K.L.:
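Attaching a single structure in structure tokens format; questions to follow.
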Amino acid sequence: MRTTLLLCVLLLASCAPDARVEPPPPLDAAMLADATRAANALGGDLIAMLTGELKRGGPDAAIAICADSAQARTRQHQEAGLAVRRVGTRVRNPENAPDSFERVVLDAFEASLAAGQLPADTVVMQALAGGGTRLRYLRPVRVQEGCLACHGAPENIPPSVRAVLAARYPEDRATGYAVGDLRGAVSVVVDRKK
């Protein structure tokens with residue numbers, strides 16, 4: 001797996017220009033393994049759930065699974081000291097809106113794609129106030145052919161799917177994607193206290 005270790009020195013310096021910026025802690029292999037395991041488990045679980053429902057009931061049924069089950073399934077992958085969630089470049093569900101850190105990483109993923117490069121998983125280590133460390137891990141999620149029935153160009157989304165989306169997500173912004181576009185990321189936070 002390609003992993004990029006980002007140093008947040010510039011990001012932190014821009015937030016507190018007068019503060020002395022400490023270098024981030026060294027990469028913790030056990031924390032990274034926990035984050036990777038959580039991202040793999042969530043990704044596999046959601047893909048299996050969605051592809052199964054697409055085969056059984058088509059896109060209309062898959063929307064119901066996303067709306068009613070995906071957030072709950074995501075929470076099942078969390079544990080003490082580890083939080084995992086999905087974030088989108090354009091959100092359908094407000095719970096999937098990226099925080100400011102995730103937005104910066106999503107922008108970097110999009111810049112990689114625009115430059116003709118595949119975005120790499122991103123890992124950042126941070127020191128926590130009062131001791132301990134935090135690992136932030138983001139894995140890019142790209143649009144695949146099967147995603148287009150619900151996330152493609154609005155004019156290509158079947159009318160029944162558009163109706164369900166409009167009813168469930170009146171503020172939906174998660175359409176207009178093409179195969180290969182960045183859809184978002186799996187975001188994992190692992191905290192270790194000293």
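Being a predicted model, the structure only gives us computed values, none of them experimental. Values below: all heavy atoms of this structure, side chains included; hydrogens, waters and symmetry mates excluded.
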K.L.:
Taking C-beta and beyond as the side chain, do T133 and L128 meet within less than 4.5 Å on heavy atoms?
P.N.:
no
K.L.:
May I ask you to decide if T175's main-chain N or O and H151's side chain share a donor-acceptor pair within less than 3.5 Å?
P.N.:
no
K.L.:
So, taking the atom named CG in D191 and the one named CD in Q126, what distance separates them when rounded to the nearest 0.5 Å?
P.N.:
9.0 Å
K.L.:
Would R134 and D28 count as a salt bridge (charged side-chain N to carboxylate O under 4.0 Å, His left out) if you check the C-alpha gap in whole Å, the side-chain angles of each, and the deciding distance to 0.1 Å?
P.N.:
CA-CA 10 Å; R134 170 171 287 165; D28 183 307; over 6 Å; no
K.L.:
Is R86 reaching over with its side chain to a backbone N or O of V186, donor-acceptor style, under 3.5 angstrom?
P.N.:
no
K.L.:
Using side-chain heavy atoms (C-beta onward) and a distance below 4.5 Å, is V179 in contact with R142?
P.N.:
no
K.L.:
Please round to the nearest 0.5 Å and tell me the distance separating atom CG of D34 and atom CG of L135.
P.N.:
9.0 Å
K.L.:
To the nearest 0.5 angstrom, please state how far the CG atom of L118 sits from the CG atom of L182.
P.N.:
11.5 Å
K.L.:
Could you tell me whether the side chain of E53 and the main chain of L50 form a donor-acceptor pair under 3.5 Å?
P.N.:
no
K.L.:
Give the cluster check for Y177 versus V164: same hydrophobic cluster or not, with ILVMFWY residues linked at side-chain heavy-atom distances below 4.5 Å.
P.N.:
no
K.L.:
Would a single hydrophobic cluster contain both L46 and L82, if residues Ile, Leu, Val, Met, Phe, Trp and Tyr are joined by side-chain heavy-atom contacts under 4.5 Å?
P.N.:
yes
K.L.:
How about T89 and F109: do any of their side-chain heavy atoms sit closer than 4.5 Å?
P.N.:
no
K.L.:
Looking at D60 and V161, what are the two nearest heavy atoms and their distance?
P.N.:
OD1-CG2, 3.0 Å
K.L.:
Within the structure provided, determine whether C150 and I157 are in side-chain contact (heavy-atom separation under 4.5 Å).
P.N.:
no
K.L.:
Any sub-3.5 Å donor-acceptor pair from T51's side-chain atoms to M49's backbone N or O?
P.N.:
no
K.L.:
Are side-chain heavy atoms of E102 and R136 found at a separation under 4.5 Å?
P.N.:
yes
K.L.:
Can you give me the closest heavy-atom contact between A38 and V188, atom names plus distance?
P.N.:
CB-CG1, 4.3 Å
K.L.:
Mind listing the closest non-hydrogen atom pair of A35 and V190 along with its distance?
P.N.:
CB-CG2, 3.9 Å
K.L.:
CD of E171: more than 12 outside heavy atoms within 6.0 angstrom?
P.N.:
no
K.L.:
Between N40 and R139, what is the shortest heavy-atom contact and its length?
P.N.:
OD1-NH1, 2.7 Å
K.L.:
Got R85 and V87 here, is their nearest side-chain heavy-atom distance under 4.5 Å?
P.N.:
yes
K.L.:
Are the side chain of N156 and the backbone of A153 linked by a donor-acceptor contact shorter than 3.5 Å?
P.N.:
no
K.L.:
Short question: side chain of R162, backbone of P154 - any donor-acceptor pair under 3.5 Å?
P.N.:
yes
K.L.:
Heavy-atom count check: over 12 atoms from other residues, nucleotides or ligands less than 6.0 Å from Q144 CD?
P.N.:
no
K.L.:
Write down the atom of A185, the atom of L106, and the distance for their closest heavy-atom approach.
P.N.:
CB-CD2, 3.9 Å
K.L.:
Do L32 and V84 sit in the same hydrophobic cluster, where Ile, Leu, Val, Met, Phe, Trp and Tyr count as joined when their side-chain heavy atoms come under 4.5 Å apart?
P.N.:
yes
K.L.:
Output yes when a side-chain donor or acceptor of R183 lies under 3.5 Å from a complementary backbone atom of R90, and no otherwise.
P.N.:
yes
K.L.:
Can you give me the closest heavy-atom contact between P98 and G88, atom names plus distance?
P.N.:
CD-O, 3.5 Å
K.L.:
Side-chain heavy atoms nearer than 4.5 Å, only ILVMFWY residues, links allowed to pass through others: does that put V143 and L113 together?
P.N.:
no
K.L.:
Does the pair E110/R103 count as a salt bridge with the N-to-O cut at 4.0 Å?
P.N.:
yes
K.L.:
Is it true that R75 and E95 make a salt bridge, defined as a side-chain N closer than 4.0 Å to a carboxylate O?
P.N.:
yes
K.L.:
Assess the side chains of Y137 and D121: does a donor N or O sit below 3.5 Å from an acceptor N or O?
P.N.:
yes
